[in-house]
Amino acid sequence: MDARDPDLNKELDAALQTRKELGAEYESELVDSFMEKVEQRFNDTADRHVRRQLAEQQMATARGSRPYATGAPVDQAHGLGVGERFAFVGVSLVLAIPLSAIGVVNEGLPGLLITWAGVFGVNAVHAMGAFSRLRRGHGQEKSRD
């Protein structure tokens, strides 16, 4: 247990002492109770972290600076960074697996080829849209100089 959270250390010690006193028949209830407290602590910490990040982004936006801390290229008009584009491709490939199975079962090899042509088309259109938005963004930056 991390020494930075003395409250959870106390909770764990109390659960262990209670287990010694009550015996093994109450072990699952004690573990469930302790895990609920850990989960609540985790959720509270995550909520604080998300609120802090949102506040930082709002402050950066209000100041007129870029609200993204990663430094990755971002499409300002649509907020598409490298991670979002990569996620889109990943999700489309994951969804291609069951779609391929459906295509093969229903139409055989032509169904598989049509499915993958569709996956390729969706990703190509998405990539071309992102590239054209990036080019427009670079053109706007040059015109400001």
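Heavy-atom basis, side chains included; hydrogens, waters and symmetry copies ignored. Note that the structure is a prediction, hence the values are computed from the model and not measured.
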Show me the pairs that pass side chain to side chain donor-acceptor pair (under 3.5 Å) and involve residues 16-26, at least two apart or across chains.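 Residue pairs passing side chain to side chain donor-acceptor pair (under 3.5 Å), neighbours aside: Arg19-Glu27.
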Taking the side chain as every heavy atom from C-beta outward, state whether [X] and [Y] have any atom pair closer than 4.5 Å.
| X | Y | answer |
| --- | --- | --- |
| Glu107 | Leu112 | no |
| Gln57 | Leu54 | yes |
| Met59 | Glu56 | no |
| Trp116 | Leu99 | no |

[X] with [Y], same ILVMFWY side-chain cluster at under 4.5 Å:
| X | Y | value |
| --- | --- | --- |
| Leu113 | Ile97 | no |
| Val38 | Val31 | yes |
| Phe34 | Leu16 | yes |
| Val104 | Leu109 | yes |
| Met35 | Leu30 | no |

*What salt bridge (Lys or Arg N to Asp or Glu O under 4.0 Å) pairs are there with at least one residue in residues 28-40, not counting sequence neighbours?*
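Qualifying pairs, neighbours excluded: Glu11-Lys37.
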Looking at CD1 of Ile114 and OG of Ser100, how far apart are the two atoms once the value is rounded to the nearest 0.5 Å?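 Between atom CD1 of Ile114 and atom OG of Ser100 there are 12.0 Å.
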Looking at Gly103 and Thr115, what are the two nearest heavy atoms and their distance?
->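 The pair with the smallest heavy-atom distance is CA-OG1, 4.1 Å.
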